[in-house]
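Okay, so here's the structure we're looking at.
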Protein chains: 2
Amino acid sequence: MNELLALFTRSSKLMRAAADEAMSQHGVRVGQNLILEVLWETDGLTPGELAGRLHLATPTVVKSANRMATAGLLLRKPDPADARLVRLYLTDRARAVRQAIERERDDLERRMTATLTPEEREHLRNALSKIIEQLAGDPGPAPGGASPAETQAAPRSAQPPEAWV
Amino acid sequence: MNELLALFTRSSKLMRAAADEAMSQHGVRVGQNLILEVLWETDGLTPGELAGRLHLATPTVVKSANRMATAGLLLRKPDPADARLVRLYLTDRARAVRQAIERERDDLERRMTATLTPEEREHLRNALSKIIEQLAGDPGPAPGGASPAETQAAPRSAQPPEAWV
DNA sequence: GGGTTCTCGTTAGCCGGCTATCGAATGTGA
DNA sequence: TCACATTCGATAGCCGGCTAACGAGAACCC
């Protein structure tokens, strides 16, 4: 029963395992590559900003960033203007593995869709997008149904959230 | 970049979160519902058997089963014939929540595919099956490529693995 | 200027994955 | 029969998610 659910959980676990195995060859765990991905674009973000862009809880980012700091991938510096903030900066080592990690991501995506036709890939993209849209907005099975226009209503922040993953 | 990868990780996290929220209303966490799903069909399995059917590592099942035992969902009894084995039995409470949990699974599947046409659902099933087949068999990017016929070659066990999730 | 409120990161603790290792029990073979 | 190999669950410890509670600092508003 619930075939789609089963297929989904199975495939996501397989993908995660494959990704972790691939990234670990370069000293980066699967959860850390997401943080790197964002910092490679804009260095010096705070844990809260990273959590927002990655759709993660702040403590998750804090813990991961601490591990990455002890692993020599990140540097934690206090913000000079606001003592509440901590800014995370890439080390040379983090910058050095960028190409390798991105290649692993490409390889994985290619590997997982190896037996899919371009059409099937397009269908998959479309279906996943719809699922995300469906699950991200509404807080639950609201009977009336919230208007889809309200999805992703910009918060009071000037900077757009820029959802990454 | 890696759009499919990003869509996949995002949707799987959303699904997992939605599933956990739904199941938790009935005192069952998302990882526990898998164990229940199997035991509802065949009660009294060992941790190792469960791990095999669910594609999990044995310690994962052991820890989860212990939590479920203290939560009053499972009973751990030593096997009378083989003192190495532990058999896990459902409690009345575990049997009682079966309908509710299964309904939550149905609801979630319906909710996530709410905006998909039957055709799109079929495409999704097809694509996920192909991805699983692709990632489950080969241990890596083997250049020669293992023959696909070898996938799921039956081990020496008489009982088929009966992969569930 | 000073109290209140808000915002941020940190900590503690839970769940669910994993590997490595260990100890106990069974099975096997000389 | 008895040593050795195998098998199984348990333990320790890691990573990556989460919520709840806390404390320090900024911002705000008298």
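All chains are named by letter (A, B, ...) in the order of the sequence lines, taking the proteins before the strands, and each is independently numbered beginning at 1. Any value given below was found using the heavy atoms of this structure, including those in side chains, with hydrogens, waters and symmetry copies removed.
Contact annotation: S64(A) side-chain N/O to dC15(D) OP1/OP2 distance is not under 4.0 Å. An OP1 or OP2 oxygen of dG16(D) is reached within less than 4.0 angstrom by a side-chain nitrogen or oxygen of Q32(A). Within the structure, a side-chain polar atom (N or O) of R16(A) is placed less than 4.0 Å from OP1 or OP2 of dG17(D).
The separation between L14(A) atom CG and dG17(C) atom P is 13 Å, rounded to whole Å. For R29(A) and dG16(C), the CZ to P distance is 20 Å, given to the nearest whole Å. The distance from atom CD of E21(B) to atom C1' of dG17(D) is 15 Å, rounded to the nearest whole Å. Distance L88(B) CG to dG9(D) P: 9 Å, rounded to the nearest Å. Between the CD atom of E49(A) and the P atom of dT7(C) there is a distance of 15 Å, given to the nearest Å.
Residue Y89(A) is found in a hydrophobic cluster whose other members, listed by chain and number, are L75(A); membership requires side-chain heavy atoms under 4.5 Å apart, directly or through intermediates.
Not counting sequence neighbours, the partners of R110(A) by the salt bridge (charged side-chain N to carboxylate O under 4.0 Å, His left out) test are D107(A). A search for salt bridge (charged side-chain N to carboxylate O under 4.0 Å, His left out) contacts involving R125(B) returns E3(A), E122(B), not counting sequence neighbours.
The stretch residues 76-86 of chain B touches DNA chain D through R76(B), R84(B), L85(B), V86(B), each having a heavy atom within less than 4.0 Å of the strand.
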Any N/O pairs under 3.5 Å between the protein and nucleotides 18-22 of chain C? List them or say none.
unit_1, atom_1, unit_2, atom_2, d
dC18(C), OP2, A57(B), N, 2.6
dC18(C), OP2, T60(B), OG1, 2.9

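The salt bridge (Lys or Arg N to Asp or Glu O under 4.0 Å) analysis of residues 62-79 of chain A, with sequence neighbours excluded, yields the pairs D79(A)-R87(A).
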